[in-house]
Amino acid sequence: DAKTTQPPSMDCAEGRAANLPCNHSTISGNEYVYWYRQIHSQGPQYIIHGLKNNETNEMASLIITEDRKSSTLILPHATLRDTAVYYCIVRVRDSGYALNFGKGTSLLVTP
Amino acid sequence: NAGVMQNPRHLVRRRGQEARLRCSPMKGHSHVYWYRQLPEEGLKFMVYLQKENIIDESGMPKERFSAEFPKEGPSILRIQQVVRGDSAAYFCASSPTSKRWELFFGEGSRLTVL
């Protein structure tokens, strides 16, 4: 699986958009980008995934650059409950093996 | 539809004792994954099981740790002769097939070794 690089921490004001970057410069053509988050003391929660097109669901949007070397997770209107560690993971979708979580980005949403 | 259920949520053991952690996957899910999270660290994959089969145990320590997922009943992560370094949160996740991108995680079991 390709390695990912994320900033260790970020702040965001409540109600503003939170933009979380992820670099994956060694990604290969059949690897997807997945995002999970872990709210303190809870199990991780799936957010979104994508291959090369931008994706949106009820939780977030995922923007993948044209060369696929980086991506951004966007929480359009951050709330205090979005304070969590966000993990960007790259892997082959149907490999059948588990996701490997790195250190992620600790997002703090402030009032 | 109940989520992934893990128990106990908190477990305290003395060095040398055994710890058994149980995981009941979501209804209809036959694939189970165990992860360990040491204090202030990310989640590390341990083992991936299907019913009655261990598919990938590349993340399991070579000694004292074992896992099973019997035909009936929950998946069990067993740690024999626990040491202080085993103190961690152990998370279980499930999925309906191996070809899914979304893993559903439980709330974790927190093991403290005195």
Side-chain angles (χ1 to χ4, degrees), chain A residues 1-9 20 22 24 27 30-53 55 57-60 62 64 71 73 84-107, chain B residues 2-7 9-10 21 23-26 29-50 53-60 67 75 88-112:
Chain A
D1 296 339
K3 183 177 178 179
T4 62
T5 303
Q6 299 178 253
S9 64
L20 294 99
C22 179
H24 32 78
I27 192 170
N30 63 345
E31 287 183 311
Y32 285 68
V33 180
Y34 299 82
W35 283 84
Y36 278 72
R37 73 179 182 183
Q38 186 177 22
I39 296 171
H40 181 63
S41 297
Q42 297 183 19
Q45 176 188 24
Y46 164 83
I47 301 173
I48 199 167
H49 77 283
L51 181 63
K52 54 184 178 181
N53 297 321
E55 303 287 339
N57 62 21
E58 64 278 5
M59 289 183 67
L62 174 60
I64 302 174
S71 60
L73 178 75
V85 177
Y86 287 77
Y87 298 97
C88 170
I89 303 162
V90 172
R91 66 167 291 211
V92 177
R93 174 175 167 176
D94 293 336
S95 66
Y97 292 95
L99 299 170
N100 290 307
F101 294 77
K103 293 189 180 297
T105 295
S106 179
L107 174 68
Chain B
V4 176
M5 303 300 292
Q6 291 189 246
N7 67 83
R9 292 294 308 279
H10 300 274
L21 309 177
C23 170
S24 296
M26 288 183 69
H29 289 196
S30 59
H31 297 251
V32 165
Y33 305 77
W34 284 93
Y35 286 80
R36 177 166 67 173
Q37 187 168 34
L38 295 169
E40 307 304 322
E41 294 191 15
L43 290 95
K44 302 296 183 186
F45 166 73
M46 299 182 75
V47 62
Y48 162 39
L49 311 101
Q50 294 179 33
N53 289 301
I54 297 174
I55 307 302
D56 179 5
E57 57 182 347
S58 58
M60 287 279 270
S75 175
Y90 292 82
F91 290 95
C92 170
S94 73
S95 68
T97 73
S98 64
K99 298 185 184 299
R100 283 292 302 271
W101 52 89
E102 182 178 356
L103 299 184
F104 296 83
F105 281 83
E107 293 298 308
S109 291
R110 282 151 185 82
L111 172 66
T112 300

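Below, read A as the first sequence line, B as the second, and so on, with proteins coming before strands; counting in each chain starts at 1.
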Name the member of A:Ser41, A:Gly102, A:Gly104 that forms the most heavy-atom pairs with chain B at distances under 4.5 Å.
->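 Among the listed options, the one with the most contacts to chain B is A:Ser41.
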Would you give the length of the straight line joining atom [atom1] of [X] to atom [atom2] of [Y], rounded to the nearest 0.5 angstrom?
| X | Y | atom1 | atom2 | value |
| --- | --- | --- | --- | --- |
| B:Glu102 | A:Ile47 | CD | CD1 | 11.0 Å |
| B:Phe104 | A:Tyr46 | CZ | OH | 9.5 Å |
| B:Leu103 | A:Tyr34 | CG | OH | 9.0 Å |

What's the shortest heavy-atom distance between A:Gln42 and B:Arg110, and which atoms?
->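 In this case the closest contact between A:Gln42 and B:Arg110 is N-NH2, 4.1 Å.
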At their closest point, which heavy atom of A:Pro44 faces which heavy atom of B:Phe91, and how far apart are they?
->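 Looking at all heavy atoms of both residues, the closest pair is CD-CD2, 4.4 Å.
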What part of B:Gln6 lies closer than 4.5 angstrom to a heavy atom of chain A: side chain, backbone, both or neither?
->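 For B:Gln6, there is no contact with chain A at all, as no heavy atom is under 4.5 Å.
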Do other residues, nucleotides or ligands put more than 12 heavy atoms under 6.0 Å from the CE atom of A:Met59?
->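 Yes - once you tally the heavy atoms of other residues, nucleotides and ligands closer than 6.0 Å, there are more than 12.
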